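First comes the structure, then the notes that go with it.
It should be emphasised that the depicted structure is a prediction, and the values quoted were computed from it without experimental measurement. To find a chain, count down the sequence lines: A is the first, B the second, and so on, and within it residues start at 1.
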Protein chains: 2
Amino acid sequence: MFDVTPRTLRYYEEVGLLQPERRGAQRLYTDRDRVRIQLILRGRRIGFSLPEIAEMLELYDADPTEITQLRDVLRRGDRKLAEIDQQIRELQAIREELLELRDRLQRTLDEKLKGRDLS
Amino acid sequence: MFDVTPRTLRYYEEVGLLQPERRGAQRLYTDRDRVRIQLILRGRRIGFSLPEIAEMLELYDADPTEITQLRDVLRRGDRKLAEIDQQIRELQAIREELLELRDRLQRTLDEKLKGRDLS
DNA sequence: CTGTAAATTTACGTGAACGTCAAATCCGGG
DNA sequence: CCCGGATTTGACGTTCACGTAAATTTACAG
């Protein structure tokens, strides 16, 4: 369904990212599990480690009854947001550089083509 | 200087990302090397593998004399750009979700505080 | 109940990206 | 030239995120 092997799902369970129900010995992945799997895979695609992803998932399923706990979750969420903003900035920096490089190459290509026309 | 161990630099050299000069047996890291090191580290921070980073570095130091080669480099650069744009989009998606979550938590915190005031 | 296909468990293997440690080598100062 | 500290060179170890193969166990049609 998500192009993921059973081994991977069991590993995610092993490290605490998933807790599928059991019907006897078989694992039952609920909608909640499927959502979490998608979040995990997206996190992996952008290079987060499984512990980092775990931090983010904890933000989601935390049901903080205590005000101090709630403040704590908010603080951790803000830290994560700052990290992500930083990462976006780094990606945009690389993007800018690649665009510059692209323009340079494009110009030298244009020159070479013009030179060829004149010959 | 960049908070990186000698072992790491030698490993990057081993896999072809760096080619520092030698004064006798000692490695001499030039400005060019230092720039490359920064690019490598930035790539690592945002989760690129060393082979992926190698691809990008090749784009920089390619000096394509042949027009076909130049077109090829341009094409590879565009592919990389597309990947990076995709990654930025995924990060922004996560960012949006975290912001939503943050707002929800903030609101329940506000309610709890209001409830406490009234008691 | 029984065979068998599927799911689980257990355990070892793997590639990437370094860490770590010892041995050898180099290199500048006296 | 000699020596002590720095650098280099293997070589093996480690962690993460799974892959893989074998042995069990389970589930279910007939």
Side-chain angles (χ1 to χ4, degrees), chain A residues 1-61 80 83-84 86-87 90-91 94, chain B residues 1-61 76 79-80 83-84 86-87 90-91 94:
Chain A
M1 181 169 178
F2 298 130
D3 190 39
V4 64
T5 71
R7 179 66 176 93
T8 299
L9 293 181
R10 293 194 194 109
Y11 181 68
Y12 291 165
E13 184 178 347
E14 200 180 318
V15 298
L17 294 179
L18 297 174
Q19 289 118 24
E21 290 170 30
R22 293 292 185 114
R23 204 186 69 189
Q26 270 163 265
R27 289 169 173 80
L28 267 181
Y29 294 93
T30 71
D31 289 355
R32 177 172 182 277
D33 291 321
R34 276 185 277 273
V35 169
R36 290 173 76 90
I37 291 172
Q38 283 181 319
L39 290 175
I40 295 171
L41 296 180
R42 196 169 59 188
R44 292 255 61 214
R45 279 198 301 275
I46 59 183
F48 286 141
S49 70
L50 296 189
E52 282 171 329
I53 294 171
E55 285 183 44
M56 302 182 52
L57 289 180
E58 282 170 28
L59 294 180
Y60 280 93
D61 51 32
K80 266 297 161 195
E83 286 178 32
I84 288 177
Q86 175 59 25
Q87 203 150 344
E90 304 223 48
L91 272 170
I94 291 189
Chain B
M1 179 168 177
F2 298 131
D3 190 36
V4 65
T5 71
R7 179 66 176 94
T8 299
L9 293 181
R10 295 194 192 109
Y11 181 69
Y12 289 164
E13 183 179 349
E14 201 180 316
V15 298
L17 294 180
L18 296 174
Q19 289 116 25
E21 290 170 30
R22 293 294 184 113
R23 205 185 69 187
Q26 270 163 264
R27 290 172 173 79
L28 267 180
Y29 294 92
T30 71
D31 289 355
R32 178 171 180 277
D33 290 321
R34 276 185 276 272
V35 169
R36 290 173 76 90
I37 292 172
Q38 284 182 320
L39 289 175
I40 296 170
L41 295 180
R42 197 169 58 187
R44 292 256 62 213
R45 278 198 299 276
I46 59 184
F48 285 141
S49 70
L50 294 190
E52 281 172 329
I53 294 171
E55 283 183 45
M56 302 182 53
L57 289 181
E58 282 170 28
L59 295 180
Y60 281 93
D61 51 31
R76 298 210 310 265
R79 274 211 307 272
K80 265 296 160 195
E83 286 178 33
I84 288 176
Q86 174 60 25
Q87 202 150 344
E90 302 224 49
L91 272 170
I94 292 188

Rounded to the nearest angstrom, tell me the gap between atom OH in A/Y11 and atom P in D/dT15.
-> 12 Å
Using a cut-off of strictly less than 4.0 Å, decide whether B/Y12 has a side-chain nitrogen or oxygen near OP1 or OP2 of C/dC18.
-> yes
What is the distance from CD of A/E13 to P of D/dC18, rounded to the nearest Å?
-> 14 Å
Counting only heavy atoms not in B/E21, do more than 12 sit closer than 6.0 Å to its CD atom?
-> no
Could you tell me whether the phosphate oxygens of C/dA7, OP1 or OP2, come under 4.0 Å of any side-chain nitrogen or oxygen in A/R27?
-> no
Given C/dA17, is OP1 or OP2 found less than 4.0 Å from the side-chain N or O atoms of B/T8?
-> no
Non-hydrogen atoms of B/L17 and B/L57 that approach each other most closely | CD2-CD1, 4.1 Å
Which protein N or O atoms sit under 3.5 Å from an N or O of nucleotides 26-30 of chain D?
unit_1	atom_1	unit_2	atom_2	d
D/dA27	OP1	A/A25	N	3.2
D/dC28	OP1	A/R23	NH2	3.0

Inter-residue atom distance B/F48.CZ - B/K80.NZ, 0.5 Å rounding = 5.5 Å
Measure the distance from CD on A/E14 to P on D/dT15 and round it to the nearest whole Å.
-> 15 Å
Rounded to the nearest 0.5 Å, the CG atom of B/L91 sits from the CD atom of A/E83 at a distance of 11.5 Å
Check A/I94 against B/M56 and note the closest heavy-atom contact, atom names and distance.
-> CG2-CE, 3.4 Å
Does anything in residues 40-58 of chain A reach DNA chain D, meaning a heavy atom under 4.0 Å, and if so which residues?
-> A/R44, A/S49, A/L50, A/P51
Rounded distance in Å - CG (A/L9) to C1' (D/dT20) = 16 Å
Does OP1 or OP2 of C/dT20 have a side-chain N or O of B/R7 closer than 4.0 Å?
-> no
Between B/R10 and D/dT9, is there a side-chain N or O to OP1/OP2 distance below 4.0 Å?
-> no
Rounded interatomic separation in angstrom, taking CZ from B/R22 and P from C/dC27 | 11 Å
Considering residues at least two apart in sequence or located in another chain, which fulfil the salt bridge (charged side-chain N to carboxylate O under 4.0 Å, His left out) criterion with B/R22?
-> B/E13
Got a donor-acceptor contact below 3.5 angstrom from the A/E52 side chain to the A/S49 backbone?
-> yes
If only atom types and distance count, is the side chain of B/R42 paired as donor or acceptor with the main-chain N or O of A/E90 below 3.5 Å?
-> no
Rounded interatomic separation in angstrom, taking OH from B/Y29 and C1' from D/dT7 = 11 Å
Is any NZ, NE, NH1 or NH2 atom of the basic residue among B/R36 and B/D61 found under 4.0 Å from an Asp or Glu carboxylate oxygen of the other?
-> yes
Counting just side-chain N and O atoms, does B/T5 come under 4.0 Å of either OP1 or OP2 of C/dG19?
-> yes
